[in-house]
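For the single chain, residues carry numbers from 1 onward in sequence order.
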Amino acid sequence: MADATQQAYTPSATSGIAVPSIADMGFGKPRHFDFEEELHYRFWNPMYYYKALNQHRMRLNLSNPGQFEYLNKEIKGTMLSNFTFEGGRADLAKILSPNFQVMHTFQLGLPGGNPSLFEFGGVYADERTMMHGKMDSDFNMMARFNHALSKNLQLKSQAQLMASDSQSMLQLES
């Protein structure tokens with residue numbers, strides 16, 4: 001009786017072409033391996049790495065981590081890049097009376113990035129009137145004024161004076 005490999009190389013009756021088996025084409029693992037050949041086979045075989053990683057994952061017995069689309073969101077939430085900054089900022093506030101307070105803001109930036117800045121602000125508020133204003137070290141000013149003339153009528157104004165005249169504005173409402 002003929003061997004299986006001999007049968008694979010015999011020409012078929014219809015085509016007359018010898019058809020080798022899968023083992024003869026080198027897809028199967030040879031039966032006789034020494035240590036160097038085993039390492040060479042493992043190193044160049046991508047299925048070995050897939051099987052090894054899959055076995056390791058099964059040994060860990062981890063729960064399902066969720067969908068791949070949410071992985072980027074989880075990584076950004078755990079990385080420190082969201083909490084790093086360049087420069088520094090300090091806000092100081094002092095309440096001078098129940099109706100009046102002042103604020104100082106110091107911002108230190110890097111050259112070429114956000115510039116250093118000092119800002120002074122004040123707030124006055126009572127039952128009928130609220131005034132709020134800020135001015136920075138570049139002499140840009142923003143102010144807001146609200147006053148209730150009666151229960152149904154209020155005056156509102158907002159002003160912005162910038163170093164460049166094109167950005168200055170005044171808004172009045174009643």
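Once rounded to the nearest 0.5 Å, the distance linking CE of Met162 with CG of Asn140 reads 4.0 Å. Interatomic distance, Tyr50 OH to Gln55 CD, rounded to the nearest 0.5 Å: 11.0 Å. With values rounded to the nearest 0.5 angstrom, Glu119 atom CD is found 11.5 Å from His104 atom NE2. Here the OG-CG distance, from Ser137 to Leu117, works out to 4.5 Å after rounding to the nearest 0.5 Å.
Shown here is Gln171, whose CD atom has more than 12 heavy atoms of other residues, nucleotides or ligands within 6.0 Å.
For the residue pair Lys134 and His132, the shortest heavy atom distance occurs at CG-CE1, 4.0 Å. Residue Gly122 comes nearest to Met103 through the heavy atom pair N-CE, 4.1 Å, listed as atom of the first residue, atom of the second, then distance. Taking all atoms of both residues into account, the shortest heavy-atom contact from Ser157 to Leu172 is CB-CD2, 3.4 Å. Nearest heavy atom pair, residue Ala163 against residue Asp138, reads CB-O, 4.1 Å. Residue Leu161 comes nearest to Ser168 through the heavy atom pair CA-OG, 3.7 Å, listed as atom of the first residue, atom of the second, then distance.
The existence of a salt bridge linking Arg128 and Asp126 is excluded, since no basic side-chain nitrogen approaches an acidic carboxylate oxygen closer than 4.0 Å.
Within the structure, every pair that satisfies the side-chain hydrogen bond (donor to acceptor under 3.5 Å, both in side chains) test and touches residues 146-156, not counting sequence neighbours, is listed here: Thr129-His147.
When the side chains of ILVMFWY residues are joined at heavy-atom separations under 4.5 Å, either directly or via intervening members, Met131 and Leu96 end up in a single hydrophobic cluster. Note: the hydrophobic cluster containing Phe120 also contains Phe106 (ILVMFWY, side chain heavy atoms under 4.5 Å, direct or indirect links). By the rule that hydrophobic residues join a cluster once side-chain heavy atoms approach within less than 4.5 Å of another member, Phe145 and Tyr124 end up as members of one cluster. Taken together through direct or relayed side-chain contacts under 4.5 Å among Ile, Leu, Val, Met, Phe, Trp and Tyr, Leu92 and Val102 form part of one hydrophobic cluster.
Looking at Gln160 and Gln158, their side chains never bring a donor and an acceptor atom within 3.5 Å of each other.
Counting heavy atoms from C-beta outward, Lys51 and Tyr48 have side chains that stay 4.5 Å or more apart. The side-chain heavy atoms of Thr105 and Arg89, taken from C-beta on, include a pair separated by under 4.5 Å.
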